[in-house]
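Have a look at the structure below, then the notes.
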Amino acid sequence: MSANAPITPHLLTVPRKDDEVAKTNLVGLMRPALRDVLIEAGAPEKQAKMRASQIWQWIYAKGVRNFDDMTNLAKPFRELLKEHFEIRVPEVVTKQVSEDGTRKYLVRIAGGHEVEIVYIPETDRGTLCVSSQVGCTLTCTFCHTGTQKLVRNLTAAEIIGQVMVARDDLGEWPVLGQSNPPTTRLLSNIVLMGMGEPLYNFDNVRDAMKIAMDPEGISLSRRRITLSTSGVVPAIWRTAEEIGCQLAVSFHATTDEVRDVLVPINKRWNIEALLEALREYPKVSNSERITFEYVMLKGVNDTDEDAHRLVSLIKGIPAKINLIPFNPWPGSDYERSSNNRIRAFADIVHNAGYSSPVRRPRGEDIMAACGQLKSETERARKSRKQIEQEAGLK
Ligand code: SAH
Ligand code: SF4
(Lines give C-alpha, C1' and ligand atoms only; values in the text may rest on other atoms or scores of the structure.)
(Ligands and ions follow the chains in the order given, each with its own letter.)
Protein backbone atom coordinates (compact mmCIF):
# COMPACT_ATOMS: atom_id res chain seq x y z
CA MET A 1 0.00 0.00 0.00
CA SER A 2 1.40 3.40 -0.85
CA ALA A 3 2.24 5.61 2.12
CA ASN A 4 -0.35 8.24 1.41
CA ALA A 5 -3.27 6.00 0.59
CA PRO A 6 -6.16 6.78 2.91
CA ILE A 7 -7.02 3.89 5.15
CA THR A 8 -10.56 2.70 4.55
CA PRO A 9 -13.02 4.29 6.94
CA HIS A 10 -13.68 1.99 9.84
CA LEU A 11 -15.63 2.15 13.02
CA LEU A 12 -13.70 1.62 16.20
CA THR A 13 -16.60 1.62 18.59
CA VAL A 14 -19.84 -0.26 18.53
CA PRO A 15 -22.77 2.10 18.03
CA ARG A 16 -24.87 2.46 21.15
CA LYS A 17 -28.24 0.72 21.07
CA ASP A 18 -31.21 2.99 21.73
CA ASP A 19 -32.33 1.11 24.84
CA GLU A 20 -28.94 1.47 26.57
CA VAL A 21 -28.74 4.12 29.26
CA ALA A 22 -26.14 6.78 28.47
CA LYS A 23 -23.10 6.38 30.67
CA THR A 24 -20.95 9.18 32.00
CA ASN A 25 -17.66 9.54 30.16
CA LEU A 26 -14.76 9.70 32.62
CA VAL A 27 -12.44 11.24 30.03
CA GLY A 28 -12.11 15.00 30.38
CA LEU A 29 -13.23 15.22 34.02
CA MET A 30 -10.81 17.06 36.27
CA ARG A 31 -9.81 15.22 39.46
CA PRO A 32 -12.44 16.81 41.77
CA ALA A 33 -15.21 16.11 39.24
CA LEU A 34 -13.98 12.55 38.83
CA ARG A 35 -14.11 12.07 42.59
CA ASP A 36 -17.63 13.51 42.74
CA VAL A 37 -19.07 11.21 40.07
CA LEU A 38 -17.55 8.20 41.82
CA ILE A 39 -19.25 9.19 45.06
CA GLU A 40 -22.54 9.74 43.24
CA ALA A 41 -22.27 6.26 41.78
CA GLY A 42 -21.87 4.81 45.26
CA ALA A 43 -18.11 4.73 45.95
CA PRO A 44 -17.37 5.23 49.67
CA GLU A 45 -16.51 8.88 50.23
CA LYS A 46 -13.37 8.13 52.21
CA GLN A 47 -11.86 6.13 49.37
CA ALA A 48 -13.05 8.30 46.50
CA LYS A 49 -9.95 10.45 46.21
CA MET A 50 -7.65 7.46 46.05
CA ARG A 51 -9.90 5.61 43.60
CA ALA A 52 -10.03 8.70 41.39
CA SER A 53 -6.26 8.82 41.39
CA GLN A 54 -5.98 5.13 40.47
CA ILE A 55 -8.50 5.46 37.64
CA TRP A 56 -6.76 8.64 36.44
CA GLN A 57 -3.50 6.74 36.10
CA TRP A 58 -5.13 3.86 34.25
CA ILE A 59 -6.72 6.24 31.77
CA TYR A 60 -3.96 8.81 31.22
CA ALA A 61 -0.71 7.04 32.13
CA LYS A 62 -1.51 3.57 30.81
CA GLY A 63 -4.09 4.23 28.11
CA VAL A 64 -6.52 1.63 29.44
CA ARG A 65 -10.08 1.76 28.03
CA ASN A 66 -11.64 -1.21 29.86
CA PHE A 67 -12.52 -1.22 33.51
CA ASP A 68 -11.66 -4.93 33.63
CA ASP A 69 -8.02 -4.07 32.96
CA MET A 70 -7.84 -1.90 36.09
CA THR A 71 -6.38 -4.73 38.10
CA ASN A 72 -5.70 -2.85 41.33
CA LEU A 73 -9.41 -2.19 41.78
CA ALA A 74 -11.62 -4.80 43.47
CA LYS A 75 -13.90 -6.71 41.13
CA PRO A 76 -17.21 -5.44 42.61
CA PHE A 77 -15.93 -1.87 42.22
CA ARG A 78 -15.04 -2.54 38.60
CA GLU A 79 -18.57 -3.81 38.07
CA LEU A 80 -19.93 -0.60 39.57
CA LEU A 81 -17.74 1.41 37.24
CA LYS A 82 -18.91 -0.56 34.20
CA GLU A 83 -22.50 0.04 35.13
CA HIS A 84 -22.20 3.83 35.37
CA PHE A 85 -19.26 4.95 33.29
CA GLU A 86 -17.38 4.68 30.04
CA ILE A 87 -13.98 5.75 28.78
CA ARG A 88 -14.74 7.28 25.43
CA VAL A 89 -12.46 9.03 22.96
CA PRO A 90 -13.31 10.37 19.49
CA GLU A 91 -13.83 7.72 16.86
CA VAL A 92 -11.28 7.62 14.05
CA VAL A 93 -13.06 7.72 10.70
CA THR A 94 -10.07 7.99 8.38
CA LYS A 95 -6.34 8.24 8.69
CA GLN A 96 -4.06 9.54 5.97
CA VAL A 97 -0.28 9.45 5.92
CA SER A 98 1.57 12.06 3.85
CA GLU A 99 4.70 11.36 1.84
CA ASP A 100 6.58 13.33 4.52
CA GLY A 101 5.25 11.19 7.37
CA THR A 102 2.63 13.68 8.56
CA ARG A 103 -0.50 11.88 9.70
CA LYS A 104 -3.97 13.35 9.47
CA TYR A 105 -6.88 11.82 11.31
CA LEU A 106 -10.51 12.65 10.72
CA VAL A 107 -12.39 11.87 13.92
CA ARG A 108 -16.08 11.79 14.65
CA ILE A 109 -17.49 13.21 17.86
CA ALA A 110 -20.95 13.26 19.43
CA GLY A 111 -23.65 14.56 17.14
CA GLY A 112 -21.86 13.15 14.10
CA HIS A 113 -19.55 16.18 13.83
CA GLU A 114 -16.06 15.70 12.53
CA VAL A 115 -12.73 17.37 13.23
CA GLU A 116 -9.20 16.88 12.01
CA ILE A 117 -6.04 16.19 13.98
CA VAL A 118 -2.54 16.37 12.48
CA TYR A 119 0.60 14.64 13.76
CA ILE A 120 3.89 16.07 12.53
CA PRO A 121 7.03 14.00 13.15
CA GLU A 122 10.37 15.83 13.25
CA THR A 123 13.85 14.65 14.15
CA ASP A 124 13.82 15.95 17.71
CA ARG A 125 10.10 15.98 18.46
CA GLY A 126 6.63 14.91 17.41
CA THR A 127 3.94 17.56 17.43
CA LEU A 128 0.22 17.01 17.56
CA CYS A 129 -1.93 19.78 16.13
CA VAL A 130 -5.19 19.67 18.03
CA SER A 131 -8.58 21.23 17.19
CA SER A 132 -10.64 23.14 19.75
CA GLN A 133 -13.87 23.79 17.83
CA VAL A 134 -15.82 22.35 14.94
CA GLY A 135 -15.20 25.14 12.44
CA CYS A 136 -14.58 28.69 13.70
CA THR A 137 -16.76 31.73 14.29
CA LEU A 138 -13.99 34.04 13.13
CA THR A 139 -13.53 34.73 9.48
CA CYS A 140 -9.84 35.32 8.78
CA THR A 141 -9.85 35.77 5.03
CA PHE A 142 -6.85 33.52 4.28
CA CYS A 143 -8.01 30.56 6.42
CA HIS A 144 -9.95 27.57 5.17
CA THR A 145 -11.41 26.76 8.59
CA GLY A 146 -12.82 30.30 8.68
CA THR A 147 -15.13 29.46 5.78
CA GLN A 148 -16.75 26.69 7.79
CA LYS A 149 -19.67 27.74 9.92
CA LEU A 150 -19.08 26.97 13.60
CA VAL A 151 -21.06 23.99 14.63
CA ARG A 152 -19.93 23.80 18.24
CA ASN A 153 -17.18 23.97 20.85
CA LEU A 154 -15.40 20.73 21.61
CA THR A 155 -15.71 19.35 25.14
CA ALA A 156 -12.62 18.83 27.29
CA ALA A 157 -13.05 15.08 26.66
CA GLU A 158 -12.99 15.63 22.91
CA ILE A 159 -9.88 17.80 23.13
CA ILE A 160 -7.79 15.53 25.36
CA GLY A 161 -9.34 12.58 23.49
CA GLN A 162 -7.51 13.75 20.34
CA VAL A 163 -4.20 13.29 22.17
CA MET A 164 -5.30 9.85 23.34
CA VAL A 165 -6.35 8.79 19.86
CA ALA A 166 -2.98 9.85 18.44
CA ARG A 167 -1.14 7.97 21.17
CA ASP A 168 -3.23 4.90 20.32
CA ASP A 169 -2.20 5.13 16.69
CA LEU A 170 1.45 5.76 17.54
CA GLY A 171 1.44 2.82 19.96
CA GLU A 172 2.61 5.15 22.68
CA TRP A 173 1.14 3.67 25.84
CA PRO A 174 3.14 1.43 28.15
CA VAL A 175 2.65 -2.27 27.51
CA LEU A 176 0.80 -3.60 30.53
CA GLY A 177 2.73 -6.12 32.58
CA GLN A 178 6.10 -5.15 31.10
CA SER A 179 8.67 -2.72 32.37
CA ASN A 180 8.85 -0.03 29.73
CA PRO A 181 12.18 1.77 29.49
CA PRO A 182 11.91 5.51 29.00
CA THR A 183 12.22 6.37 25.33
CA THR A 184 12.04 9.58 23.37
CA ARG A 185 8.41 10.44 23.04
CA LEU A 186 6.79 10.23 19.64
CA LEU A 187 4.14 12.69 20.76
CA SER A 188 6.23 15.22 22.68
CA ASN A 189 4.47 18.50 21.90
CA ILE A 190 0.93 19.79 21.50
CA VAL A 191 -0.03 22.82 19.47
CA LEU A 192 -3.56 24.20 19.63
CA MET A 193 -3.40 25.24 16.00
CA GLY A 194 -6.03 23.02 14.42
CA MET A 195 -9.58 24.03 13.76
CA GLY A 196 -11.12 26.76 15.87
CA GLU A 197 -10.17 29.64 18.13
CA PRO A 198 -9.05 28.00 21.41
CA LEU A 199 -9.68 31.12 23.47
CA TYR A 200 -13.35 31.13 22.46
CA ASN A 201 -13.59 27.73 24.17
CA PHE A 202 -11.47 28.67 27.14
CA ASP A 203 -12.68 26.42 29.96
CA ASN A 204 -12.63 23.21 27.96
CA VAL A 205 -9.22 23.99 26.44
CA ARG A 206 -7.85 24.81 29.88
CA ASP A 207 -9.17 21.59 31.45
CA ALA A 208 -7.89 19.44 28.60
CA MET A 209 -4.43 21.01 28.79
CA LYS A 210 -4.37 20.62 32.58
CA ILE A 211 -5.04 16.93 32.03
CA ALA A 212 -2.24 16.74 29.43
CA MET A 213 0.17 18.36 31.89
CA ASP A 214 -0.76 16.29 34.93
CA PRO A 215 2.37 14.48 36.15
CA GLU A 216 0.43 11.31 36.93
CA GLY A 217 -0.80 10.99 33.37
CA ILE A 218 0.24 12.19 29.94
CA SER A 219 2.67 14.48 31.73
CA LEU A 220 3.67 16.97 29.07
CA SER A 221 5.47 20.04 30.35
CA ARG A 222 3.63 23.34 29.88
CA ARG A 223 6.64 24.40 27.83
CA ARG A 224 5.74 21.74 25.27
CA ILE A 225 2.21 23.03 24.78
CA THR A 226 1.60 26.03 22.52
CA LEU A 227 -1.75 27.71 22.23
CA SER A 228 -2.30 29.82 19.12
CA THR A 229 -4.82 32.64 19.21
CA SER A 230 -5.98 35.17 16.69
CA GLY A 231 -5.92 37.75 19.51
CA VAL A 232 -8.77 37.36 22.02
CA VAL A 233 -7.16 39.87 24.35
CA PRO A 234 -9.08 39.32 27.64
CA ALA A 235 -8.57 35.58 27.37
CA ILE A 236 -4.81 36.04 26.85
CA TRP A 237 -4.62 37.27 30.43
CA ARG A 238 -6.56 34.25 31.62
CA THR A 239 -4.29 31.91 29.65
CA ALA A 240 -1.26 33.33 31.43
CA GLU A 241 -2.85 32.82 34.82
CA GLU A 242 -4.80 29.61 34.37
CA ILE A 243 -2.83 27.55 31.82
CA GLY A 244 0.68 28.99 31.66
CA CYS A 245 1.54 27.31 28.37
CA GLN A 246 3.50 28.82 25.51
CA LEU A 247 1.61 31.37 23.47
CA ALA A 248 1.54 31.92 19.73
CA VAL A 249 -0.35 34.76 18.14
CA SER A 250 -1.66 35.03 14.61
CA PHE A 251 -0.24 38.49 13.94
CA HIS A 252 -0.09 38.52 10.13
CA ALA A 253 -0.08 42.29 9.55
CA THR A 254 1.68 45.41 10.76
CA THR A 255 -1.07 48.01 10.33
CA ASP A 256 -4.61 47.94 11.69
CA GLU A 257 -5.85 48.65 8.19
CA VAL A 258 -4.46 45.39 6.82
CA ARG A 259 -5.03 43.35 9.98
CA ASP A 260 -8.70 44.41 10.07
CA VAL A 261 -9.09 42.58 6.76
CA LEU A 262 -6.90 39.53 7.36
CA VAL A 263 -7.80 38.89 11.02
CA PRO A 264 -11.16 40.66 11.53
CA ILE A 265 -11.05 40.22 15.32
CA ASN A 266 -8.57 43.12 15.07
CA LYS A 267 -11.57 45.43 14.78
CA ARG A 268 -12.48 44.45 18.34
CA TRP A 269 -8.95 44.32 19.80
CA ASN A 270 -6.49 46.20 17.66
CA ILE A 271 -2.72 45.81 17.35
CA GLU A 272 -2.01 48.14 20.24
CA ALA A 273 -4.35 46.32 22.65
CA LEU A 274 -2.98 42.99 21.53
CA LEU A 275 0.63 44.05 22.03
CA GLU A 276 -0.11 45.28 25.53
CA ALA A 277 -1.41 41.85 26.56
CA LEU A 278 1.51 40.13 24.84
CA ARG A 279 4.01 42.31 26.66
CA GLU A 280 2.67 41.10 30.00
CA TYR A 281 2.18 37.45 29.04
CA PRO A 282 5.69 36.11 29.67
CA LYS A 283 5.88 37.79 33.08
CA VAL A 284 2.48 36.59 34.28
CA SER A 285 2.83 33.05 32.92
CA ASN A 286 6.54 32.72 33.62
CA SER A 287 6.95 31.40 30.10
CA GLU A 288 9.49 32.03 27.42
CA ARG A 289 9.13 33.78 24.12
CA ILE A 290 5.89 34.57 22.36
CA THR A 291 5.67 33.14 18.86
CA PHE A 292 4.42 35.65 16.30
CA GLU A 293 2.86 33.77 13.42
CA TYR A 294 3.01 35.68 10.17
CA VAL A 295 1.46 34.24 7.04
CA MET A 296 3.27 35.40 3.90
CA LEU A 297 0.74 36.71 1.37
CA LYS A 298 2.01 38.01 -1.94
CA GLY A 299 1.56 41.77 -2.24
CA VAL A 300 -0.54 42.01 0.92
CA ASN A 301 1.74 41.98 3.97
CA ASP A 302 5.19 40.98 2.73
CA THR A 303 7.17 44.15 1.94
CA ASP A 304 10.46 45.24 3.51
CA GLU A 305 8.53 48.05 5.22
CA ASP A 306 6.24 45.47 6.81
CA ALA A 307 9.27 43.60 8.13
CA HIS A 308 10.76 46.77 9.62
CA ARG A 309 7.41 47.79 11.11
CA LEU A 310 6.97 44.35 12.63
CA VAL A 311 10.35 44.57 14.32
CA SER A 312 9.63 47.99 15.78
CA LEU A 313 6.13 46.99 16.97
CA ILE A 314 7.32 44.01 18.97
CA LYS A 315 10.30 45.77 20.49
CA GLY A 316 10.79 44.70 24.11
CA ILE A 317 8.73 41.50 23.81
CA PRO A 318 10.69 38.25 24.05
CA ALA A 319 9.68 36.86 20.67
CA LYS A 320 10.26 34.50 17.80
CA ILE A 321 8.72 35.19 14.40
CA ASN A 322 7.36 32.18 12.60
CA LEU A 323 6.90 32.94 8.90
CA ILE A 324 4.24 30.74 7.35
CA PRO A 325 4.16 30.49 3.56
CA PHE A 326 0.47 30.77 2.67
CA ASN A 327 -1.13 27.41 2.04
CA PRO A 328 -3.73 27.70 -0.69
CA TRP A 329 -7.07 25.94 -0.55
CA PRO A 330 -9.84 25.58 -3.11
CA GLY A 331 -11.42 29.00 -3.61
CA SER A 332 -8.83 31.03 -1.68
CA ASP A 333 -8.16 34.57 -2.89
CA TYR A 334 -4.50 34.89 -1.94
CA GLU A 335 -1.15 33.81 -3.29
CA ARG A 336 1.94 32.70 -1.45
CA SER A 337 4.86 35.18 -1.43
CA SER A 338 7.85 34.09 -3.49
CA ASN A 339 10.72 32.29 -1.77
CA ASN A 340 12.96 35.31 -2.41
CA ARG A 341 10.46 37.66 -0.79
CA ILE A 342 10.09 35.38 2.22
CA ARG A 343 13.88 35.16 2.51
CA ALA A 344 14.29 38.96 2.34
CA PHE A 345 11.58 39.44 4.98
CA ALA A 346 13.16 36.79 7.20
CA ASP A 347 16.59 38.43 6.88
CA ILE A 348 15.31 41.80 8.10
CA VAL A 349 13.66 40.19 11.11
CA HIS A 350 16.71 38.05 11.77
CA ASN A 351 19.11 40.99 11.53
CA ALA A 352 17.03 42.77 14.16
CA GLY A 353 17.92 39.95 16.54
CA TYR A 354 14.87 37.69 16.29
CA SER A 355 14.76 34.07 15.32
CA SER A 356 12.69 33.94 12.12
CA PRO A 357 12.19 30.35 11.00
CA VAL A 358 10.12 29.76 7.89
CA ARG A 359 7.55 27.08 8.63
CA ARG A 360 7.98 24.34 6.10
CA PRO A 361 4.53 23.26 4.94
CA ARG A 362 3.89 19.70 6.09
CA GLY A 363 1.40 17.22 4.77
CA GLU A 364 0.34 19.40 1.84
CA ASP A 365 -0.52 16.36 -0.27
CA ILE A 366 -3.20 15.41 2.25
CA MET A 367 -4.42 18.99 2.93
CA ALA A 368 -2.99 18.86 6.46
CA ALA A 369 -0.96 22.08 6.32
CA CYS A 370 -1.81 25.15 8.42
CA GLY A 371 -5.11 26.69 7.50
CA GLN A 372 -6.17 23.88 5.21
CA LEU A 373 -8.19 21.99 7.77
CA LYS A 374 -11.87 21.72 7.26
CA SER A 375 -13.96 18.69 7.94
CA GLU A 376 -14.86 16.38 5.13
CA THR A 377 -18.58 16.41 5.89
CA GLU A 378 -18.66 20.18 5.52
CA ARG A 379 -16.67 19.95 2.31
CA ALA A 380 -18.99 17.28 1.01
CA ARG A 381 -22.02 19.36 1.95
CA LYS A 382 -20.61 22.37 0.13
CA SER A 383 -19.76 20.47 -3.00
CA ARG A 384 -23.15 18.81 -3.10
CA LYS A 385 -24.71 22.24 -2.95
CA GLN A 386 -22.42 23.39 -5.72
CA ILE A 387 -23.33 20.40 -7.84
CA GLU A 388 -27.01 21.12 -7.35
CA GLN A 389 -26.48 24.74 -8.30
CA GLU A 390 -24.53 23.80 -11.38
CA ALA A 391 -27.25 21.39 -12.41
CA GLY A 392 -29.80 24.19 -12.06
CA LEU A 393 -31.60 22.39 -9.25
CA LYS A 394 -31.49 25.30 -6.83
N1 SAH B 1 -7.51 30.05 15.59
C2 SAH B 1 -6.18 30.05 16.03
C3 SAH B 1 -5.49 28.71 15.86
C4 SAH B 1 -5.72 27.95 14.57
S5 SAH B 1 -4.99 28.57 13.10
C6 SAH B 1 -5.40 31.13 15.36
O7 SAH B 1 -5.89 31.73 14.42
O8 SAH B 1 -4.29 31.41 15.82
C9 SAH B 1 -3.27 28.13 13.22
C10 SAH B 1 -2.37 29.02 12.38
O11 SAH B 1 -2.50 28.76 10.99
C12 SAH B 1 -2.70 30.47 12.58
O13 SAH B 1 -1.54 31.25 12.73
C14 SAH B 1 -3.37 30.81 11.29
O15 SAH B 1 -3.35 32.18 11.05
C16 SAH B 1 -2.59 29.99 10.30
N17 SAH B 1 -3.26 29.84 9.02
C18 SAH B 1 -4.57 29.83 8.78
N19 SAH B 1 -4.82 29.67 7.45
C20 SAH B 1 -3.63 29.56 6.84
C21 SAH B 1 -3.23 29.35 5.49
N22 SAH B 1 -4.12 29.19 4.52
N23 SAH B 1 -1.91 29.28 5.22
C24 SAH B 1 -1.01 29.40 6.22
N25 SAH B 1 -1.32 29.59 7.51
C26 SAH B 1 -2.62 29.67 7.83
FE1 SF4 C 1 -10.39 30.85 13.07
FE2 SF4 C 1 -7.71 30.84 13.44
FE3 SF4 C 1 -8.77 30.36 11.01
FE4 SF4 C 1 -8.88 32.81 12.04
S5 SF4 C 1 -7.01 31.67 11.47
S6 SF4 C 1 -10.58 31.73 11.01
S7 SF4 C 1 -9.19 32.37 14.20
S8 SF4 C 1 -9.01 29.09 12.83
Side-chain angles (χ1 to χ4, degrees), residues 115-118 120 127-154 159 162 189-202 204-205 209 225-233 235-236 239 245-253 258-269 274 277-278 281 290-298 300-302 310 319-337 342 357-364 367-375 378:
V115 287
E116 292 175 335
I117 320 167
V118 180
I120 307 149
T127 303
L128 193 71
C129 182
V130 168
S131 294
S132 56
Q133 298 181 308
V134 179
C136 188
T137 47
L138 301 173
T139 50
C140 304
T141 42
F142 55 89
C143 174
H144 201 194
T145 309
T147 66
Q148 180 174 344
K149 200 170 124 269
L150 172 73
V151 181
R152 69 167 169 86
N153 279 337
L154 299 192
I159 298 169
Q162 295 173 55
N189 293 62
I190 295 176
V191 293
L192 283 149
M193 294 185 186
M195 293 164 65
E197 168 49 59
L199 296 188
Y200 273 165
N201 185 13
F202 187 87
N204 291 331
V205 165
M209 292 307 107
I225 298 177
T226 303
L227 182 150
S228 175
T229 180
S230 56
V232 186
V233 167
I236 290 178
T239 307
C245 58
Q246 302 297 306
L247 188 72
V249 63
S250 293
F251 208 63
H252 305 321
V258 177
R259 198 164 189 272
D260 278 352
V261 175
L262 297 182
V263 190
I265 201 178
N266 194 68
K267 291 186 217 154
R268 181 103 183 258
W269 293 288
L274 177 58
L278 297 178
Y281 188 88
I290 306 264
T291 301
F292 284 77
E293 296 164 288
Y294 198 97
V295 64
M296 296 299 291
L297 302 170
K298 191 180 213 161
V300 176
N301 63 356
D302 62 350
L310 177 62
K320 156 172 127 180
I321 288 84
N322 207 332
L323 300 178
I324 316 173
F326 171 64
N327 294 310
W329 37 272
S332 57
D333 287 337
Y334 297 99
E335 277 178 71
R336 181 185 290 184
S337 309
I342 297 176
V358 177
R359 194 183 287 174
R360 197 160 52 93
R362 297 288 305 259
E364 274 184 303
M367 288 284 287
C370 292
Q372 292 184 318
L373 302 185
K374 184 165 171 176
S375 26
E378 188 67 16

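Numbering of ligands and ligand atoms starts at 1, following listing order. What you are looking at is a predicted structure, and each value in this text was computed from that prediction instead of being measured. Heavy atoms only: backbone and side chains are in, while hydrogens, waters and symmetry mates are out.
Applying the 4.0 Å criterion to heavy atoms of Ile324 picks out, from ligand 1, the atoms 24 (C), 25 (N). Listed by number with element, the atoms of ligand 1 under 4.0 angstrom from any heavy atom of Asn327 are 21 (C), 22 (N), 23 (N), 24 (C). Here is the list of ligand 1 atoms found below 4.0 Å of a heavy atom in Gly194: 4 (C). Near Trp329, meaning under 4.0 Å from any of its heavy atoms, are these atoms of ligand 1: 22 (N).
Summarising the contacts of atom 1 (N) of ligand 1 with Gly146, Gly196, Cys140, the nearest heavy atom is found in Gly196. Compare Cys143, Pro328, Ser250 by their heavy atoms: the one nearest to atom 12 (C) of ligand 1 is in Ser250. Summarising the contacts of atom 10 (C) of ligand 1 with Arg336, His144, Met296, Glu293, the nearest heavy atom is found in Glu293.
Considering only heavy atoms from C-beta on, Val249 stays 4.5 Å or farther from Tyr281 through its side chain. Proximity of Phe142 to Asn327: side-chain heavy atoms (C-beta onward) are nowhere separated by under 4.5 Å. Side-chain contact between Gln148 and Val134: present, with at least one pair of heavy atoms (C-beta onward) separated by less than 4.5 Å. Looking only at side-chain heavy atoms (C-beta outward), Leu138 and Pro264 stay at 4.5 Å or farther from each other.
Among the atoms of Val295, none of the N or O lies under 3.5 angstrom from an N or O of ligand 1.
One distance of note links CG of Leu227 with CE of Met209; it measures 8.5 Å at 0.5 Å rounding. We find the OG-CG distance between Ser337 and Leu323 to be 9.5 Å, quoted to the nearest 0.5 Å. Here the CE atom belonging to Met193 is positioned 5.0 Å from the CZ atom belonging to Arg359, to the nearest 0.5 angstrom.
Distances from ligand 1 to the non-hydrogen atoms of Tyr334 include no value under 4.0 Å. In this structure, His252 is part of the shell of residues with a heavy atom less than 4.0 angstrom from ligand 1. Ligand 1 is never approached by Cys136 to a heavy-atom distance shorter than 4.0 Å.
For Thr229, every heavy-atom contact with ligand 1 shorter than 4.0 Å involves the backbone, none the side chain. When heavy-atom distances to ligand 1 are checked against a 4.0 Å cut-off, Phe142 comes that close through both its backbone and its side chain.
Here the side chain of Ser131 pairs a donor or acceptor atom with the backbone of Glu116 at under 3.5 angstrom. The main-chain N or O of Val261 is found under 3.5 Å from a side-chain atom of Thr141 such that the two form a donor-acceptor pair. For the pair Glu197 (side chain) and Ser230 (backbone), a donor-acceptor distance under 3.5 Å is present.
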task = Evaluate the side-chain contact (heavy atoms from CB on, under 4.5 Å) criterion for residues Leu154 and Ser132: first the C-alpha distance (whole Å), next the side-chain angles of each, then the deciding distance (0.1 Å), finally the verdict.
result = CA-CA 6 Å; Leu154 299 192; Ser132 56; 5.6 Å; no

request  = Check the pair Leu274 / Phe251 against side-chain contact (heavy atoms from CB on, under 4.5 Å), numbers first and verdict last.
outcome  = CA-CA 9 Å; Leu274 177 58; Phe251 208 63; 3.9 Å; yes

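Distances from atom 2 (Fe) of ligand 2 to the protein include no heavy-atom value under 4.0 Å.
Minimum heavy-atom separation, Tyr294 to Asn301: OH-O, 2.6 Å.
Note on atom 1 (Fe) of ligand 2: protein N, O or S atoms under 2.8 Å away count 1, no waters included.
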